Every structure is written in C-alpha cells, then in structure tokens.
Number of protein chains: 2
Amino acid sequence: MTTVEVWRGAAVESRHRVHVAVVDAGGKVRARSGDVALVAYARSAIKPIQALPVVDDGALEQFAITQQELALCCASHSGEPRHVEAAASILRKIGLGEEALACGPHAPWHAPSARLLREQGQAPTRLHNNCSGKHAGMLALARVHGWPTAGYHRDDHPVQIRMLRELSNWTHVPADDIATAVDGCGVVTFGVPLTSLAGAFARVASGARTGSHAPARVVEAMVRWPEYVGGTDRLCTQLMRMADGRIFAKVGAEGVYCAGIPGAELGVALKVEDGASRAAEPALLGVLRSLALLSDEDMAGLAEWAEPDLLNTRGERVGGIRASVRLEACVD
Amino acid sequence: MTTVEVWRGAAVESRHRVHVAVVDAGGKVRARSGDVALVAYARSAIKPIQALPVVDDGALEQFAITQQELALCCASHSGEPRHVEAAASILRKIGLGEEALACGPHAPWHAPSARLLREQGQAPTRLHNNCSGKHAGMLALARVHGWPTAGYHRDDHPVQIRMLRELSNWTHVPADDIATAVDGCGVVTFGVPLTSLAGAFARVASGARTGSHAPARVVEAMVRWPEYVGGTDRLCTQLMRMADGRIFAKVGAEGVYCAGIPGAELGVALKVEDGASRAAEPALLGVLRSLALLSDEDMAGLAEWAEPDLLNTRGERVGGIRASVRLEACVD
C-alpha cells in the first residue's frame with residue numbers, strides 16, 4: 001500500500017492511503033498500488049481531456065484562441081491577474097461576457113491576488129473561479145457548433161454530451177458506465193476506474209508524442225505555459241516547468257492527480273482514499289520518482305511539495321508530510 | 001470499521017477510517033472500533049485536562065477567574081469578541097499583557113469577526129489564537145506558583161512538567177511513555193493510546209459526577225458556558241448546549257474528538273486516521289447516537305454536523321458527508 005504520513009515530533013500523527021495506477025496507451029497496467037479498479041471522480045484532473053474537443057472541433061482557429069488561453073482551458077488556476085485576463089479574453093473572442101460563465105465566484109487561491117482584490121474593495125467574480133478557463137472553453141465549443149450557450153454546464157446539453165463521448169473515447173469506458181455527478185464549479189464530473197483514467201492520460205501522451213492534432217496542441221500548451229495551468233507556487237506549474245516537456249500533470253479535487261508521460265506513452269492516475277490534497281502532491285512526486293521519471297535533484301527542487309514542512313502559528317517546524325510509495329510492477 | 005463517507009451524486013467519492021474507544025472510569029473498554037491501541041496526539045482535545053491543574057492549584061480563587069474564563073481555558077475558540085475579551089481579562093487579572101502569550105497570532109475562525117478586524121484595519125493578535133485561553137490558564141498556573149512566565153510553553157518548564165504529570169494521572173500512562181511533540185500553538189502536545197485518552201475523559205466525567213473539586217469545576221464551566229469552549233456555529237458548543245449537562249466534548253486538530261459522559265462515567269476518544277476534521281464531527285455524533293446518548297431528534301438538531309451537505313460554488317447541494325459507525329460492544 002502506498003501511504004502518505006503526516007508526522008509530528010517523533011511519531012506519525014495521521015496517515016493517508018493512496019491508490020495508484022500506471023497504465024500504457026494499450027490499456028495495460030504497468031505498475032499499481034492499492035485498488036486500481038477504484039472508481040474515482042476525476043474532477044479537475046480531466047480538464048486536459050475536456051479541452052480536446054475545443055481543439056478538435058475548430059475553436060482555436062475560429063476564435064484565434066492562443067496557446068496561453070488553451071492552457072487556461074486545462075487549468076485549475078489561482079485567479080492571478082494573468083488568469084483572469086486570459087479567461088476574459090476567451091469570452092471576448094467568442095462574443096460573451098462574464099455572466100455567461102456557469103461557475104460561481106470564489107476568492108483567488110493566490111493569496112496576494114485575493115488581498116489585492118479585497119484592498120481595492122472588489123468582490124471576486126466568476127472569472128476568478130479556478131475553473132473559469134475550462135468554462136470559457138466549453139462556451140467556445142458551444143459557439144463553434146452554434147449550440148445555445150445557456151445551460152452548457154448541464155448533463156443534457158450538447159456540450160456535456162460531447163464531453164461524455166470524449167471521456168468515453170479516451171478512457172475506453174462505455175458512456176453508460178461512466179458515473180456522473182455535479183462538480184464544484186457546477187458542470188458534470190465523471191467517475192471511472194483509476195486504470196481507465198490512467199489509460200486516458202497514456203493515450204493523450206501517446207497522441208502528443210506521435211503528433212496527433214488535439215493531444216499535441218493541448219499538451220504543448222500545458223508544458224509551454226505551465227503558469228496558466230496552475231499558478232505561482234503551484235505544483236502542476238512547477239513540475240511541468242522542471243520536467244521541460246517530459247511530463248504533463250493535472251490535479252483534481254478530493255485527492256486526485258493525473259499525469260501523462262509522452263516519451264514513455266504512460267499515464268498515471270492516483271486517488272487519495274480520503275480525498276486529502278496534502279497527500280496527493282507528495283504521492284504524485286513519489287510515484288514519478290519511483291518510475292525514475294524524476295531524479296533526486298528534481299525531487300530536491302520540488303521539496304516544498306514532495307516533503308512539505310508543517311509549521312505552527314509561531315512559524316516553527318513541528319512536523320512534515322512524506323510519501324511512502326510501494327508500486328508493484330506488473331510484468332508480462 | 002467505522003468510516004465516514006463523502007458522497008457526490010450517486011457514488012462515494014472519498015472515505016475516512018475512524019478509530020474509536022469507549023472506556024469507563026475503571027479503564028475498561030466498553031465499546032470499540034478499529035485500532036483502539038493507536039497512539040494519537042490528543043492535541044486540543046485535552047484542554048479540559050490541562051485546565052484541571054489551574055483549578056487544583058488555586059488559580060481561580062487567587063485571581064478571581066470566572067466560569068466563562070475557565071471555560072475559555074478549555075477552548076479552541078473562534079476568536080469572537082467575547083473570547084478575545086475573556087483571554088485579555090485573565091491576563092489582566094494575573095498582571096500580564098498579550099505579549100506574554102507564546103501562541104502565534106492567527107485570524108479568527110469566526111468569519112464575521114475576521115472580516116470586522118480586517119475592515120477596522122487591525123491585524124489578528126495572539127489573543128485571537130484559538131488556544132489563547134489555554135495559554136492564559138497556563139500563565140495563571142505559573143503565577144500561582146511564582147514560576148517564571150517566560151518559556152512556559154517549553155517541555156522543560158515547570159508548567160509543562162506539571163501538565164505531563166496531570167496527563168499521566170488521568171490517562172494512567174506513565175509520564176515516560178507519553179509521546180510529546182510541539183502543537184500548533186507552540187506548547188507541548190501529548191500522544192497516548194486512544195483507550196487511555198478515553199479513560200482520562202471517563203475519569204474526569206466520573207469526578208464531575210461525584211463532585212470532585214477540579215473535574216466538577218471544569219465540566220460545569222464547559223457545559224454552562226459552551227459558547228466559550230467553541231463559538232458560534234461550532235459543534236462543541238452546539239452539542240453541549242443540546243446535551244444540557246449530559247455530555248462535555250472537545251475537538252482536537254488532526255481528526256481527534258473526545259467526550260465525557262458524567263451520568264454513565266464513560267469517556268469517548270476517536271481519531272480519524274487521516275486527520276480530517278470533516279470526518280471527526282459526523283463520527284463523534286454517530287458514536288454518541290450508537291451509544292444512545294443522543295436521540296434521533298438530537299441528531300436532527302445537529303444535522304449540520306451529523307450529515308453536512310457539500311455545496312458547490314453555485315450554492316447547489318452536490319453531495320454530503322455521513323458516518324457509518326460500527327461499534328463493537330465489549331461485554332464482560
């Protein structure tokens with residue numbers, strides 16, 4: 001079992017269990033830990049896959065959407081000015097305003113941006129929602145097809161029917177077998193086994209490697225503009241910056257993390273059983289290290305996420321978090 | 001195994017494992033779930049026990065500390081004006097200022113109080129720290145004995161040596177076998193098996209029932225002034241208000257919850273394995289319901305904590321949290 005331990009003083013205080021699937025583009029499980037058949041809502045981790053139809057159906061060309069804006073479609077962004085501007089820019093290009101977004105407003109995750117907003121006496125808008133790029137992309141998809149934009153977040157709208165089909169294509173799970181629920185931002189979220197989720201990332205990675213149109217565009221946007229996929233001091237951003245094109249990665253709520261490795265045509269999907277984000281980050285890095293996709297030097301550069309310190313209200317280091325990865329290789 | 005499930009749509013999204021010990025004043029385990037020998041840092045859950053020496057050693061009389069102020073010594077308070085005033089009042093009575101507190105400042109947990117502070121352009125002080133009452137109590141203890149107040153939070157200071165002895169007395173764990181580490185507020189925190197922690201609460205409950213001086217004073221202060229032990233919309237406060245003297249309860253960080261039942265001379269201690277607070281609250285209420293210490297009507301009145309809803313950024317209910325308690329009765 002792969003676990004993430006939260007220690008304090010000389011003892012482990014809390015322990016997270018993590019399920020991990022490493023799958024190739026053929027759908028073969030190459031390494032595993034825990035219950036790889038676990039059905040997990042992928043949450044924001046599948047935004048890169050939700051961006052594929054935006055590319056495939058011609059929205060980039062029709063609306064002159066930039067690479068940075070495409071990266072934002074794959075993002076759980078921190079609500080920094082560049083993110084808000086990119087989301088607003090997509091909306092301008094498709095002739096819509098902020099009110100077209102179905103996601104609710106929330107304060108920027110980036111504390112200085114949240115503080116600035118507060119000091120200016122401004123309330124957070126829907127553009128600040130970490131999912132505003134994905135929503136803007138979905139609206140662009142509706143515009144390309146001439147579908148109504150109202151209700152684009154609901155499961156019976158053509159946009160979400162298209163998303164479900166896309167998910168089914170990449171995960172190889174029949175659409176009828178995909179669990180659905182409502183995500184934090186109001187759109188449909190999809191539940192599939194971890195192996196299927198990892199397989200989807202492996203296929204996107206493979207597509208990016210072999211130059212398949214939509215996967216290549218999406219992965220290129222993510223790895224070239226990682227600051228649009230997360231933000232300042234965010235793991236997705238720092239990891240992709242460090243990996244320099246070797247890895248694309250996306251976090252999801254409730255302890256989900258996915259990554260694709262184009263060079264090896266592999267996908268990684270993990271779920272912290274209890275949903276803790278604090279465990280998902282060290283777990284992902286531990287898994288990538290186990291797979292020799294990150295070096296010890298890389299890990300040291302990402303120590304803030306690989307082995308974060310726990311500080312108390314006095315600023316003293318009183319504990320920390322560390323992953324204990326036990327991947328079982330699956331040989332032929 | 002007792003679990004707390006976080007569901008979304010038709011599926012369970014995340015799952016927390018919970019270890020529970022229900023122990024009587026004689027130290028006998030009366031009901032259990034999971035690993036009751038698990039050593040857990042009790043964190044803030046043992047504040048009621050840390051308040052006992054303050055009473056025993058005469059600080060209430062010497063400094064005219066009120067019941068509300070004693071309740072605050074047992075609190076993880078929300079930093080509301082009444083809490084800040086009570087902490088400041090204890091300090092005034094013992095001739096010290098805010099700077100004597102070792103806990104670091106943090107914004108009040110009570111959102112309107114935090115907002116008010118911000119709007120007034122004021123920074124949070126150490127008095128706003130949820131532990132400021134406990135710290136003020138420890139300083140009162142130092143004053144009673146004429147010990148130096150500087151460094152009262154460190155493990156080699158007479159205050160903390162006294163606390164360790166007190167913990168040992170109530171938990172029946174030899175002082176040398178109690179794990180120690182540094183808590184979020186900078187003082188020593190103590191790790192003991194769940195059974196020992198529950199036993200300590202049972203003994204305090206028993207003491208309160210039979211009129212033993214310090215337990216009776218501490219429990220009376222908590223159940224009479226529960227708004228000083230937590231705050232507005234806090235479970236400790238609401239539960240004690242509803243139970244009307246039948247239960248005293250105290251939450252701790254990292255998924256710990258303890259309760260004492262004077263009438264039955266029982267103690268309950270639980271630890272969410274992964275440290276999630278969101279699971280500790282439904283778990284505690286589920287355990288108390290299982291023990292027939294809360295009625296269905298009580299549970300309905302506490303539904304906000306027993307079965308909280310998950311809302312998305314649009315304010316829609318998209319899921320919820322529910323406990324599945326499996327207590328194994330331990331008969332003679």
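Note that the structure is a prediction, hence the values are computed from the model and not measured. Below, chain A is the first sequence line, B the second, and so on; all start at residue 1.
- Among the candidates Ala276(B), Ala102(B), Ala40(B), Ala179(B), the residue making the largest number of heavy-atom pairs closer than 4.5 Å to chain A is Ala102(B).
- Looking at Thr3(A), neither its backbone nor its side chain comes within 4.5 Å of chain B, counting heavy atoms on both sides.
- In this structure, Glu13(A) CD and Asp274(B) CG are separated by 11.5 Å, a value rounded to the nearest 0.5 Å.
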Residue pair Asn312(A), Asp183(B): steps toward the side chain to side chain contact (heavy atoms under 4.5 Å, CB included) verdict:
CA-CA 7 Å; Asn312(A) 68 8; Asp183(B) 209 329; over 6 Å; no
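- Looking at Ala10(B), only its backbone comes within 4.5 Å of chain A, counting heavy atoms on both sides.
- A salt bridge does not link Arg8(B) to Glu254(A): none of the charged nitrogens lies less than 4.0 Å from a carboxylate oxygen.
- With a 4.5 Å cut-off on non-hydrogen atoms, Arg126(B) does not touch chain A at all.
- Nearest heavy-atom pair, Gly275(B) versus Ser14(A), reported as atom, atom and distance to 0.1 Å: CA-OG, 3.5 Å.
- Between chain B and the options Gly184(A), Gly9(A), Ala181(A), the largest number of non-hydrogen pairs under 4.5 Å is found for Gly184(A).
- Contact residues of residues 313-325 of chain A toward chain B are Thr313(A), Arg314(A), Glu316(A), Val318(A) (heavy-atom distance under 4.5 Å).
- Note: Arg17(A) leads Arg17(A), Lys271(A), Arg15(A) in heavy-atom pairs under 4.5 Å with chain B.
- Residue contact with chain A, scored on non-hydrogen atoms closer than 4.5 Å, is absent for Ala279(B).
- For His153(B), the part sitting under 4.5 Å from any heavy atom of chain A is the side chain, from C-beta outward, and nothing else.
- No side-chain heavy atom of His16(A) sits under 4.5 Å from any side-chain heavy atom of His16(B).
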